[in-house]
2 protein chains.
Amino acid sequence: MRAIARDAVRARISEVAVDLFDEHGFDHVTVEQIAAAVGVSPRSVHRYFPAKEDTVIGDPAGWGEHVRDQLVARPSEEPVWEALLASYEALLATPGRNEEQGRKAMRVLGSTPALRARNLEKHLLWARMLTPVVAERLDGDHRDLRAETIVQASLACFDIALTAWAEDDAAESAVALLRRSFGALQPTA
Amino acid sequence: MRAIARDAVRARISEVAVDLFDEHGFDHVTVEQIAAAVGVSPRSVHRYFPAKEDTVIGDPAGWGEHVRDQLVARPSEEPVWEALLASYEALLATPGRNEEQGRKAMRVLGSTPALRARNLEKHLLWARMLTPVVAERLDGDHRDLRAETIVQASLACFDIALTAWAEDDAAESAVALLRRSFGALQPTA
DNA sequence: CCCATTCTGTCAGTCTCTGCCACTTGTGGC
DNA sequence: GCCACAAGTGGCAGAGACTGACAGAATGGG
């Protein structure tokens, strides 16, 4: 009911903010300007997004759960590395992701230290969700440390692929870059 | 001459700040309190550290160069992954690193999102320094993407090892944890 | 139509961080 | 010893992000 309107407003703020950041640079745009452009009060912007950076990042937890659910659904005989790759691919294939808007957001995201940092925090959140699932698939000693290493490495691949995809002007698809990045590493048996 | 005094003051501020953060939590300590505890003005604290978080992180660029120099000094026939491991080990073995102070800093560092974020930014800086060096050691196609993947994965290993070292109460040395984390991954030939 | 819930705007306030200017303090030349 | 000169410091004012509190407006169900 009301949740629909809420999501719509949220998406609108995010869209306007990314456009402004793309044009003028992240730290040359104030929350007040974003609010004025959307037509709401600055206070409301902060109600939808706890921090200015979050207007670009979006909701990390939601997508993280998505990836985790994909991962637990993979067949247990599949090697971890391939299962992780498949889970990220499923995320990229999700509909409702505007191609051009996503690329612009990634470009803005890479342009400012504060944003890159907040984005990497998202990865830590994902890592906490994925590590237990990965640990279950491992044998041998020190499963926790190994699982965390593998998960963080996979997240690094994900990030590298998306960054490269946003910079290179559509030279290659995000999935292709993701596969290649994953191909550069291999967990030890 | 004067640089010595400068470094001393800098170290002193950092030490006091970490202690306060450890006791009261990062965001319950204001810059004003740090300044008062050290005996300088808040304005001066900001002269030494551009951001509050930097009192814990220290100077990333300096250590990053150190790692890079270690890496370029490794024999060229050595596999990249081992060369990277050795470079990080050399960093950990650097004297002048107070064991207990370092562990406390790492603990504080993991306790607050803002600090974790800033720490991850340090990794990006290191990555930009190390990637070209690693790329030179690779053969085949897509060296840049593969080099970046390998470097970021190694930084993840470094971070995981240090975090585990700070949490587990000296159960194992940082170097041992680092080796094990590195052991969980392998670049593909 | 009325009521309760939710949303929004306004206001006041804290904290980080930055420019600016005046003041003090060492440093080197004479 | 004295005097420019640079460097460091403190205080002040201000921008900007973010938070809590409260009052009015919109929306849903009865």
Side-chain angles (χ1 to χ4, degrees), chain A residues 1-14 16-18 20-21 23-60 108-109 111-119 121-122, chain B residues 1-14 16-18 20-21 23-60 108-109 111-119 121-122:
Chain A
M1 339 291 178
R2 241 152 173 163
I4 305 175
R6 221 187 127 74
D7 288 353
V9 174
R10 205 183 144 85
R12 174 81 185 130
I13 294 174
S14 177
V16 169
V18 170
L20 286 175
F21 294 155
E23 189 175 359
H24 303 107
F26 180 76
D27 31 7
H28 290 131
V29 176
T30 68
V31 174
E32 200 175 349
Q33 290 172 307
I34 300 171
V38 178
V40 295
S41 74
R43 188 67 184 85
S44 282
V45 173
H46 276 117
R47 263 191 265 268
Y48 282 95
F49 298 96
K52 191 180 162 189
E53 292 90 349
D54 295 328
T55 57
V56 184
I57 309 289
D59 175 30
V108 170
L109 203 152
S111 69
T112 304
L115 280 173
R116 283 196 298 266
R118 192 75 84 164
N119 188 44
E121 267 211 77
K122 174 186 74 178
Chain B
M1 336 292 175
R2 245 153 170 164
I4 305 175
R6 222 186 127 73
D7 287 353
V9 174
R10 204 183 143 86
R12 175 81 185 130
I13 294 174
S14 177
V16 170
V18 169
L20 286 175
F21 294 155
E23 190 176 357
H24 303 107
F26 180 75
D27 29 9
H28 291 132
V29 177
T30 67
V31 175
E32 198 176 350
Q33 289 173 308
I34 300 171
V38 178
V40 295
S41 73
R43 188 69 187 84
S44 281
V45 173
H46 277 117
R47 264 192 263 268
Y48 282 94
F49 298 96
K52 189 180 164 190
E53 292 89 351
D54 295 329
T55 57
V56 183
I57 309 290
D59 176 29
V108 170
L109 203 153
S111 68
T112 302
L115 282 172
R116 283 195 299 265
R118 193 74 86 165
N119 187 46
E121 268 210 75
K122 175 186 75 179

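A note on names: the letters A, B, ... follow the listed sequences, proteins ahead of strands, and every chain is numbered from 1. Just so you know, these numbers use all the heavy atoms, side chains as well, and skip hydrogens, waters and symmetry mates.
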Participant: What integer distance in Å separates B:Arg47:CZ from C:dC17:C1'?
Facilitator: 12 Å

Participant: When you measure from the side chain of A:Ser111 to the backbone of A:Val108, do you find a donor-acceptor pair of N or O atoms at a distance under 3.5 Å?
Facilitator: yes

Participant: In residues 25-36 of chain B, what residues come within less than 4.0 Å of DNA chain C, judged by heavy atoms?
Facilitator: B:Val29, B:Thr30, B:Val31

Participant: For residues 48-57 of chain B, pull every pair meeting side-chain hydrogen bond (donor to acceptor under 3.5 Å, both in side chains), keeping only residues two or more places apart or in separate chains.
Facilitator: B:Glu53-B:Arg118

Participant: Hey, where on DNA chain D does chain A first and last touch, going 5' to 3'? Cut-off is any atom under 4.0 Å from a heavy atom.
Facilitator: D:dG16 to D:dT27

Participant: Rounded to the nearest 0.5 Å, what's the gap from CG on A:Leu109 to CG on A:Leu115? Could you check?
Facilitator: 5.5 Å

Participant: If I compare all heavy atoms of B:Leu20 with all of B:Val29, which pair ends up nearest, and what's the gap?
Facilitator: O-CG2, 3.7 Å

Participant: Touch check for B:Ala5, heavy atoms < 4.0 angstrom, all strands: base, sugar-phosphate only, or nothing?
Facilitator: nothing

Participant: Distance check, rounded to the nearest 0.5 Å: B:Glu121 atom CD versus A:Glu121 atom CD?
Facilitator: 11.0 Å

Participant: Rounding to a whole Å, what distance do you find between B:Arg43:CZ and C:dC20:P?
Facilitator: 11 Å

Participant: Taking B:Thr30 for the side chain and B:Gln33 for the main chain, is one N or O donor matched with an acceptor at less than 3.5 Å?
Facilitator: yes

Participant: Taking atom CZ of B:Arg6 and atom CD1 of B:Ile4, what is their separation to the nearest 0.5 Å?
Facilitator: 13.5 Å

Participant: Touch check for B:Pro50, heavy atoms < 4.0 angstrom, all strands: base, sugar-phosphate only, or nothing?
Facilitator: sugar-phosphate

Participant: CG of B:Asp59 to NZ of B:Lys122: how many Å apart, nearest 0.5 Å?
Facilitator: 10.5 Å

Participant: How close or far is atom P of C:dC15 from atom NE2 of A:His46, stated in whole angstroms?
Facilitator: 17 Å

Participant: Less than 4.0 angstrom between a side-chain N/O of A:Tyr48 and OP1 or OP2 of C:dT8, yes or no?
Facilitator: yes

